[in-house]
Amino acid sequence: MSNKESELSMLEAINETLHSEMERDQRIVLLGEDVGRNGGVFRATEGLIEKFGENRVVDTPISEAAIAGSAVGLAMAGLVPIAEIQFLGFSYQAMHQIAGQIARLRYRTQSRFEPQITIRAPFGGGVRTPELHSDSLEAQFANIPGLKIVLPATASDAKGLLTSAIRDPDPVLFLEPLRGYRGIRGLVPDEEHIVPIGQANLVKKGNDVVIISWSYQVELSRRVAESLEEEGISAAVLDLRSIVPLDVEALTQIVTHCGRAVVVQEAPETGGFASEIIATINDECFWSLEAPVARVSGFDVPYPVGMLENLYVPDEVRIRSAVLKTMEIN
Amino acid sequence: MSNKESELSMLEAINETLHSEMERDQRIVLLGEDVGRNGGVFRATEGLIEKFGENRVVDTPISEAAIAGSAVGLAMAGLVPIAEIQFLGFSYQAMHQIAGQIARLRYRTQSRFEPQITIRAPFGGGVRTPELHSDSLEAQFANIPGLKIVLPATASDAKGLLTSAIRDPDPVLFLEPLRGYRGIRGLVPDEEHIVPIGQANLVKKGNDVVIISWSYQVELSRRVAESLEEEGISAAVLDLRSIVPLDVEALTQIVTHCGRAVVVQEAPETGGFASEIIATINDECFWSLEAPVARVSGFDVPYPVGMLENLYVPDEVRIRSAVLKTMEIN
Amino acid sequence: MPKPNDKQLQMILEDMVVARTQAGRLWNLQRQGQVGTIAPIDGHEGAVVGAVHALETESDWVLPQYREPLGLRKYGPEVLDTFMLYNLGHPAGGHIPDPIKVTPSQISLGASIPHAVGLAWGMRLKDEDGVVLVFFGDGASSEGDFYEAGNLAGVLKVPVIFLCINNQWAISTPTHMQTAADSFASKAEAFGIPGITVDGNDPSSVYEAVSDARIRATSGKGPTLIEATVYRLGAHTTADDPTRYVPSDDLSAAQKNDPVHTLTKEMKDRGLWSDSKQEEVETVALERIDDAFEKAKNTPLSVNSLMDHCFTSDTSRQSRQRSFLTNSAGELNE
Amino acid sequence: MPKPNDKQLQMILEDMVVARTQAGRLWNLQRQGQVGTIAPIDGHEGAVVGAVHALETESDWVLPQYREPLGLRKYGPEVLDTFMLYNLGHPAGGHIPDPIKVTPSQISLGASIPHAVGLAWGMRLKDEDGVVLVFFGDGASSEGDFYEAGNLAGVLKVPVIFLCINNQWAISTPTHMQTAADSFASKAEAFGIPGITVDGNDPSSVYEAVSDARIRATSGKGPTLIEATVYRLGAHTTADDPTRYVPSDDLSAAQKNDPVHTLTKEMKDRGLWSDSKQEEVETVALERIDDAFEKAKNTPLSVNSLMDHCFTSDTSRQSRQRSFLTNSAGELNE
Ligand SMILES: Cc1ncc(C[n+]2csc(CCOP(=O)(O)OP(=O)(O)O)c2C)c(N)n1
Ligand SMILES: Cc1ncc(C[n+]2csc(CCOP(=O)(O)OP(=O)(O)O)c2C)c(N)n1
Ligand SMILES: [Mg+2]
Ligand SMILES: [Mg+2]
């Protein structure tokens with residue numbers, strides 16, 4: 001195996017991974033709205049129907065529940081479905097299948113049936129989409145036992161984690177940041193690349209405070225952390241990569257080391273996954289804390305229209321200010 | 001107005017409230033599966049169709065999305081729908097209407113339309129129901145801005161809070177504990193009784209530790225707290241009554257006073273609302289804490305079948321042991 | 001129109017009598033507090049058994065709603081054994097063993113219908129023979145899942161049979177409040193597939209309809225929607241009081257068409273059934289269910305069952321929860 | 001079958017020309033980065049305007065999907081004014097003022113259909129005159145919401161008109177992959193209501209069908225499903241590249257039936273329209289949309305808008321968030 005890498009956007013990395021995994025495993029079937037002829041509304045599935053044919057790359061009717069629900073049946077038949085929900089907000093239409101069926105199939109049947117199902121969906125703000133295209137719903141899924149929730153923050157991880165997700169015998173919700181599709185680029189290994197699900201990534205080391213985040217917010221957190229170096233603040237950045245399973249060990253280690261933490265999420269504050277991080281820190285390393293953990297979040301309102309988006313989505317200014325405030329506490 | 005009270009089960013209190021509110025407000029329309037002729041599968045809507053007729057009490061087809069979705073239209077027409085979802089687990093079928101439409105109607109239309117909608121649904125374990133009848137999904141709704149989430153723990157609050165819910169111009173998810181329908185009884189004012197939404201109830205005062213919970217778990221928490229008195233532990237019990245809005249003031253006050261806290265929920269641990277309580281305590285009264293906040297929860301698996309239920313649902317033993325452990329920390 | 005021959009009709013009647021007999025015993029077990037909520041099959045026997053006898057157990061899948069399991073005897077004793085575990089609330093009640101092509105009860109109405117479509121689709125992709133038959137009620141037909149899945153199946157032309165058992169009620173909701181459509185079968189129009197209504201009290205009619213649909217499906221012509229009309233002769237479940245809403249005249253009328261009685265009489269008249277045969281079948285059926293019940297009761301259950309089979313391996317939090325459970329099991333499992 | 005008279009046809013054509021003209025301007029504004037993603041109405045003008053002209057604006061509601069707003073001129077200038085705010089991403093773009101009986105665009109496919117049923121139901125309960133017309137696409141018809149709502153409407157017999165605009169595409173999905181049903185109108189069978197397919201390129205046919213459905217609805221006979229067949233002449237949205245999937249032959253064929261051109265020609269032939277009229281209408285349409293755009297751009301926006309209108313009053317956490325926003329607004333609003 002060569003160790004060559006290419007610079008790709010996150011979108012290209014995802015597309016490439018779908019190509020190579022479908023090549024590797026004949027059981028994989030891709031289904032969703034506009035995934036075939038159109039190559040996906042963002043081109044994530046470009047070229048797949050041409051290469052693998054209409055049997056393995058299927059444009060479905062506009063029926064999210066039937067997409068998720070038929071994925072269950074495909075898995076029961078021994079196939080490996082990769083279902084696309086065009087925007088995560090429309091997973092609500094399929095919630096009874098995702099939460100009520102997919103997440104419980106193994107448990108309900110005591111492993112008679114194996115839900116080796118990947119659901120891909122873009123989400124997250126910053127690109128002025130219409131309603132329900134930007135909502136960060138990951139915390140709502142995190143409270144549904146039986147679903148793994150994976151959120152890559154780099155192009156390389158997009159490949160490594162998607163490979164793992166597809167091969168994982170458990171159902172994985174693979175959430176792709178809209179803003180990262182073209183906005184995030186990086187070196188990606190050309191050959192097979194596996195990043196195990198459940199291992200957080202310490203993107204940047206640091207001693208004074210750790211910024212904990214996932215998906216696109218990692219990029220912002222990293223920038224903030226780097227800019228803070230110049231001011232003499234040594235901020236670590238932890239990319240959770242997946243929120244279920246949560247890498248409690250990595251989280252505990254870095255929070256214990258730094259004593260201060262800021263959690264950044266784009267979702268509404270109340271009931272967002274940042275709360276779970278704080279609760280976990282409370283459980284695991286309460287006594288190491290030198291200050292309360294800070295949260296940077298969206299607000300407790302529906303994801304807003306375009307002109308208000310910049311106010312809503314956490315940005316470097318807000319993250320920075322939260323870190324500085326946390327550092328001031330004695 | 002007389003101050004007379006009657007002893008009622010929570011179910012009777014709910015039924016009585018529906019009767020009196022429908023009497024008071026001609027705009028109220030009740031809709032759901034089996035709510036009419038059958039009086040609801042638990043008899044919560046007993047006698048209503050006889051009194052208010054088939055126009056105001058409507059047995060719908062088995063279509064949760066259409067129940068929630070048509071409630072939006074009824075509200076747009078100026079009516080006040082009370083929709084029943086037969087079991088909260090089947091709100092997943094209506095999630096795109098509840099989360100995607102009802103919760104956003106006011107925001108999206110900048111108050112052109114007012115979603116004065118109450119959605120009633122039973123939930124919670126302990127009565128050996130089939131799948132999806134017992135699941136505690138409140139945290140998943142708490143991350144959906146625009147929904148109020150009210151969970152009464154006593155018969156009297158069931159009346160007082162349901163009255164407020166129905167009259168509230170904002171949409172309210174009113175969650176009724178299955179185990180409490182007949183298992184919880186108490187004195188309920190005969191006349192109009194209003195408990196404002198958003199005010200927690202300090203069920204029991206205490207100085208050493210506070211047990212924070214909602215819905216049926218309040219009853220268990222209260223019993224534990226009372227039994228601990230004999231052992232010289234003064235445990236307060238806070239019934240949140242609603243998780244959105246959350247009574248941050250009451251929460252902060254009692255946690256600050258006690259310095260130790262245990263949060264009890266029936267939902268799975270990861271991403272349950274207990275995490276939000278802990279995050280809120282971290283925000284508001286970190287420095288008062290003498291020990292990390294303890295969580296007593298369901299487990300991170302789907303709600304199990306009958307024979308495993310007692311292992312899953314928090315009981316007095318587990319709550320007690322969590323309180324004692326919290327008290328031991330120095 | 002392949003009709004069941006006399007031999008098959010005898011087997012069908014036998015399975016119907018077994019189902020009816022075991023349903024009675026199950027009802028009593030529930031009343032004694034020995035098992036959880038039960039949804040009796042009474043009135044559905046002809047439709048369920050007739051349908052299943054038109055299938056090939058080695059190749060064809062059956063996805064039941066929750067009222068059918070006692071009628072699936074043709075698929076092997078494992079179905080009843082597992083069903084009894086299910087009724088006890090034992091986690092193993094969800095695991096009908098391989099290679100039995102039957103899924104456990106589906107509580108979420110309509111939710112199995114897209115599964116059936118996906119499964120049939122997968123079988124075709126794998127070039128497997130066979131069809132998928134999914135049972136659902138008149139009530140379940142109002143769920144979006146039915147329509148979305150039916151429409152998808154029509155487009156994909158997968159080998160699936162949608163079998164709607166119209167027993168006139170969805171708990172307390174009568175069919176005229178469930179839909180204004182001419183029939184449940186007529187909903188097939190929306191999917192561009194054939195729809196047919198058959199008398200579900202006559203297992204031969206159901207057998208024929210399913211056989212035809214099976215031929216259609218296996219020859220690549222796609223799905224069929226079959227509506228089998230019956231009458232729910234019992235309560236919705238052990239938790240239900242149908243006297244609140246079922247008109248007693250309707251019920252008496254329906255009882256005259258009781259599928260078990262009707263076929264028994266016809267077969268007796270034709271010399272294909274006898275009182276002694278009936279007695280023998282009933283006795284064996286009761287022994288069989290009592291055995292299954294005993295076996296189920298004696299199936300061990302460990303504290304670990306609560307955590308097993310969520311994921312293929314525990315997350316770190318699940319490990320912690322599992323240890324907690326194991327450590328405090330004595331205390332917890334009073 | 002009430003047909004539009006010549007006067008009405010002139011008004012219909014005028015509204016169609018206005019819609020087409022303004023759609024062009026909107027497309028350009030989007031290309032200049034002045035407004036967000038646009039879903040052009042091109043090809044739908046006849047269906048939308050024809051339908052709306054059969055309604056009574058004082059009593060009848062219109063619930064659009066997202067492609068219709070420019071065709072709703074009959075409902076008053078507020079529709080365009082609000083639509084321009086919407087296109088800018090201004091929160092006021094969701095508030096079409098009372099008493100205009102039009103809702104803002106619905107992004108969630110099919111989600112407005114149960115709203116329409118509930119609204120019509122509520123109007124009947126309140127003894128109000130009028131009907132509710134809900135627009136949705138061939139693609140949206142595959143959502144469970146369409147079927148659940150259609151079925152409920154059939155049972156309740158509420159005064160609603162389901163208007164499915166079949167433009168042959170759901171983004172890149174052609175109708176034969178959307179459903180195997182004979183037509184979208186035939187799905188009405190599943191609801192027990194009448195279904196009719198009309199040529200959506202001919203506004204008169206749509207007008208007639210909606211008029212008939214309106215009479216049915218207001219006389220208590222219940223809902224109607226109308227399928228108006230058109231062809232999407234433009235891209236799905238400004239973010240779409242239809243050359244990837246629309247066969248160019250199909251598109252050229254469709255362009256020959258362009259509803260605006262066809263009616264223009266017919267009306268000119270009949271002496272009811274002229275080039276100068278055309279020019280005048282176009283000029284006014286452009287002035288009108290430019291005005292609306294200017295007005296929208298100048299509509300103030302406060303930081304508070306982010307928090308307003310979630311609940312009737314802020315929760316304590318929302319108050320804290322609001323203060324945070326207001327305090328740091330300078331900093332945030334670079
Ligand atoms: C999605 C969903 N909604 C509601 C229920 C509650 N429920 C259980 S059975 C039932 C009626 C089902 O009627 P039908 O499908 O006709 O089946 P039958 O019981 O008549 O055999 C209802 C409403 C459920 N189990 N699932
Ligand atoms: C519930 C839902 N699923 C998916 C989408 C993404 N999407 C937007 S438009 C569209 C196609 C809609 O086609 P159709 O209903 O025919 O309307 P048209 O655009 O052709 O007018 C899709 C899939 C959405 N907006 N809502
Ligand atoms: Mg039924
Ligand atoms: Mg279309």
Side-chain angles (χ1 to χ4, degrees), chain A residues 64-65 89-100 103-104 107-108 131-132 135 137-146 243-244 246 263 267-287 289 291-295 298-305, chain B residues 64-65 89-100 103-104 107-108 131-132 135 137-146 243-244 246 263 267-287 289 291-295 298-305:
Chain A
E64 288 79 12
F90 305 128
S91 64
Y92 280 142
Q93 266 81 352
M95 207 51 143
H96 55 293
Q97 287 293 340
I98 298 173
R104 294 168 202 233
Y107 193 73
R108 164 187 300 147
E131 268 193 311
L132 285 156
D135 300 56
L137 311 180
E138 67 273 19
Q140 295 167 43
F141 288 100
N143 189 235
I144 299 166
I243 57 170
V244 179
L246 179 63
V263 192
E269 181 174 3
T270 295
F273 199 77
S275 314
E276 181 56 49
I277 301 299
I278 296 174
T280 304
I281 293 172
N282 162 87
D283 287 350
E284 305 284 339
C285 41
F286 177 79
W287 300 107
L289 287 180
V293 182
R295 267 193 278 189
F299 298 89
D300 284 353
V301 296
Y303 195 93
V305 292
Chain B
E64 288 79 11
F90 305 127
S91 64
Y92 280 142
Q93 266 81 352
M95 207 51 142
H96 55 292
Q97 286 293 340
I98 298 174
R104 296 168 202 233
Y107 193 72
R108 165 186 299 145
E131 269 191 310
L132 286 156
D135 300 57
L137 311 179
E138 69 273 19
Q140 296 167 42
F141 288 100
N143 189 233
I144 299 166
I243 57 171
V244 179
L246 178 63
V263 192
E269 181 175 2
T270 295
F273 200 77
S275 314
E276 181 57 49
I277 301 299
I278 296 175
T280 304
I281 292 173
N282 163 87
D283 287 351
E284 305 285 339
C285 40
F286 177 80
W287 300 107
L289 288 179
V293 182
R295 269 193 276 189
F299 298 90
D300 283 354
V301 295
Y303 194 93
V305 291

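Keep in mind the model is a prediction, meaning the values are calculated, not measured. Note that these values count all heavy atoms, side chains included, but never hydrogens, waters or copies made by symmetry.
The residue among Gly100(A), Ala99(A), Ala139(A), Gly146(A) with the most heavy atom pairs within less than 4.5 Å of chain B is Ala99(A). In terms of heavy-atom pairs under 4.5 Å with chain A, the best-connected choice from Ile144(B), Val244(B), Val305(B) is Ile144(B). Of the residues considered (Gln140(B), Gln97(B), Met95(B), Arg104(B)), Gln140(B) shows the highest number of contacts with chain A, using heavy-atom pairs under 4.5 Å. Contact tally against chain B (heavy-atom pairs below 4.5 Å) for Val301(A), Leu289(A), Ile243(A): the top residue is Val301(A). Put simply, of Pro304(B), Ala94(B), Ala291(B), the one with the most heavy-atom pairs under 4.5 Å next to chain A is Ala291(B). For the set Ala267(A), Pro268(A), Ala142(A), the entry with the most heavy-atom pairs within less than 4.5 Å of chain B is Pro268(A). Between chain A and the options Thr270(B), Leu137(B), Asp300(B), Thr280(B), the largest number of non-hydrogen pairs under 4.5 Å is found for Thr270(B).
Considering every non-hydrogen atom in both Ala274(A) and Val263(A), the closest pair reads CB-CG1, 3.6 Å. In plain terms, the two heavy atoms of Pro302(B) and Ala103(A) that are nearest each other are CG-O, 4.4 Å. When all heavy atoms of Asp135(A) and Leu132(A) are compared, the closest pair comes out as OD1-CA, 3.3 Å.
Neither the backbone nor the side chain of Ser91(A) comes within contact range of chain B; no heavy atom of the residue lies under 4.5 Å from a heavy atom of that chain. The contact between Phe286(A) and chain B is made entirely by side chain atoms (from C-beta outward), counting heavy-atom distances below 4.5 Å.
Not one N or O on the side chain of Asn282(B) forms a donor-acceptor pair closer than 3.5 Å with the backbone of Pro292(A).
Evaluation of the salt bridge (Lys or Arg N to Asp or Glu O under 4.0 Å) rule for Glu131(B) yields Arg108(A) as partners, not counting sequence neighbours. Residues that satisfy the salt bridge (Lys or Arg N to Asp or Glu O under 4.0 Å) test with Glu276(A), not counting sequence neighbours, are Arg295(B), Arg317(C).
Summarising the geometry, atom CD belonging to Glu64(A) is positioned 5.0 Å from atom CD belonging to Gln93(A); distances are rounded to the nearest 0.5 Å.
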